[in-house]
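The first residue in the sequence is number 1, and the count goes up from there. Quick caveat, the model's predicted, so the values are computed rather than measured.
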Amino acid sequence: MGKIIQHTGEASADTLEIRIYKGADGSINLYEDEGENYNYEKGEFSVISFEYNEQDQTLTIADRKGQYPGYLKERIFNIVVVNENCGTGLAKGQSVNSVNYVGEKIEIRL
């Protein structure tokens with residue numbers, strides 16, 4: 001989750017809340033591009049993969065793949081473990097960990 005934006009021309013969210021739903025393995029990709037042209041068709045985009053391993057209780061944020069003009073080289077991911085009291089709805093959740101991501105793989109034990 002990130003701040004509300006009205007259009008792709010607004011600044012990208014440099015801080016995102018990553019919500020973990022325990023109970024099973026899970027994965028998701030964060031895809032980004034310039035948002036205002038077709039340069040993604042020429043390979044100008046980035047993807048950051050997130051993978052949660054239930055058995056190890058570990059979140060892995062993979063190396064960033066790709067780039068595009070103006071992409072965020074650094075950002076903050078606030079990790080929230082969802083339960084009945086936290087991380088539900090639109091309200092900001094209580095972070096169990098906050099990581100400064102610079103495009104390189106990070107493993108977080110939850």
Side-chain angles (χ1 to χ4, degrees):
M1 296 191 57
K3 67 181 181 179
I4 295 173
I5 60 172
Q6 300 298 318
H7 56 84
T8 60
E10 289 185 20
S12 297
D14 60 352
T15 301
L16 293 176
E17 183 175 297
I18 309 302
R19 293 185 174 183
I20 305 299
Y21 295 80
K22 289 188 171 187
D25 293 346
S27 63
I28 193 167
N29 292 322
L30 173 61
Y31 170 90
E32 296 178 298
D33 62 32
E34 292 173 281
E36 42 189 54
N37 55 44
Y38 292 98
N39 288 341
Y40 64 90
E41 293 178 346
K42 301 173 189 171
E44 293 187 9
F45 60 87
S46 74
V47 176
I48 302 170
S49 297
F50 297 79
E51 186 172 314
Y52 173 69
N53 182 294
E54 175 68 16
Q55 182 176 359
D56 296 340
Q57 299 282 295
T58 303
L59 173 66
T60 301
I61 306 172
D63 290 335
R64 179 187 298 112
K65 294 187 185 340
Q67 60 186 20
Y68 58 92
Y71 79 100
L72 290 174
K73 295 179 177 140
E74 185 175 336
R75 62 186 345 147
I76 296 169
F77 293 129
N78 292 320
I79 313 304
V80 173
V81 176
V82 175
N83 62 47
E84 61 216 26
N85 301 315
C86 180
T88 60
L90 297 177
K92 185 176 174 183
Q94 179 63 42
S95 299
V96 294
N97 200 330
S98 185
V99 295
N100 186 29
Y101 180 78
V102 294
E104 298 174 354
K105 181 179 175 179
I106 299 173
E107 289 187 15
I108 304 141
R109 186 108 166 110
L110 301 174

> So, R19 side chain and G87 main chain: donor-acceptor pair closer than 3.5 Å or not?
Replying inline: yes

> Taking atom NZ of K22 as the centre, does the number of heavy atoms from other residues, nucleotides or ligands within less than 6.0 Å exceed 12?
Replying inline: yes

> Is it true that F50 and F77 have ring centroids separated by less than 6.0 Å?
Replying inline: yes

> Checking side-chain contact (heavy atoms from CB on, under 4.5 Å) for the pair D33/N39: CA distance, chi angles, key distance, verdict?
Replying inline: CA-CA 8 Å; D33 62 32; N39 288 341; over 6 Å; no

> Taking atom CG of D63 and atom NZ of K105, what is their separation to the nearest 0.5 Å?
Replying inline: 7.5 Å

> Between atom CZ of R64 and atom CD1 of I48, what is the distance when rounded to the nearest 0.5 Å?
Replying inline: 5.0 Å

>> Rounded to the nearest 0.5 Å, what separates atom CD1 in I61 from atom OH in Y52?
In response: 14.0 Å

> Within the distance-only criterion (no hydrogens, no angle test), does the side chain of N78 pair as donor or acceptor with the backbone N or O of S98 below 3.5 angstrom?
Replying inline: no

>> Please find the pair of heavy atoms, one from L16 and one from R75, that lie closest to each other, and give the distance.
In response: CD1-NH2, 4.0 Å

> With no hydrogens and no angle check, is any side-chain donor or acceptor of E51 less than 3.5 Å from a backbone partner on S27?
Replying inline: no

> Between Y71 (side chain) and E32 (backbone), is there a donor-acceptor pair under 3.5 Å?
Replying inline: no

>> Restricting to non-hydrogen atoms, name the atom on L72 and the atom on A13 that form the minimum distance, rounded to 0.1 Å.
In response: CD1-O, 3.6 Å

> Is it true that atom CD1 of I5 has more than 12 heavy atoms of other residues, nucleotides or ligands lying nearer than 6.0 Å?
Replying inline: yes

>> Does I76 form a side-chain contact (heavy atoms from CB on, under 4.5 Å) with D14? I'd like the steps, not just the answer.
In response: CA-CA 6 Å; I76 296 169; D14 60 352; over 6 Å; no

> Near Q94 CD, under 6.0 Å, is it more than 12 heavy atoms from other residues, nucleotides or ligands?
Replying inline: no

>> Quick check: closest heavy atoms across S49 and N29, and the distance to 0.1 Å?
In response: OG-OD1, 2.6 Å

> Do V96 and L110 pass the side-chain contact (heavy atoms from CB on, under 4.5 Å) test, and can you show the C-alpha distance, the side-chain angles, and the key distance before you say yes or no?
Replying inline: CA-CA 8 Å; V96 294; L110 301 174; 4.0 Å; yes

>> Taking F45 as the starting point, is it possible to reach Y38 by hopping between hydrophobic residues whose side chains are less than 4.5 Å apart?
In response: yes

> Quick one: are I79 and S95 in side-chain contact, heavy atoms under 4.5 Å?
Replying inline: no

> Taking atom OG1 of T15 and atom NZ of K3, what is their separation to the nearest 0.5 Å?
Replying inline: 8.5 Å

> Are I28 and L30 in one and the same hydrophobic cluster, where Ile, Leu, Val, Met, Phe, Trp and Tyr link if side-chain heavy atoms are under 4.5 Å apart?
Replying inline: yes

> Measuring from M1:CE to I18:CD1, what's the distance to the nearest 0.5 Å?
Replying inline: 10.5 Å

> So how far is it from T58 OG1 to I106 CD1, rounded to the nearest 0.5 Å?
Replying inline: 13.5 Å

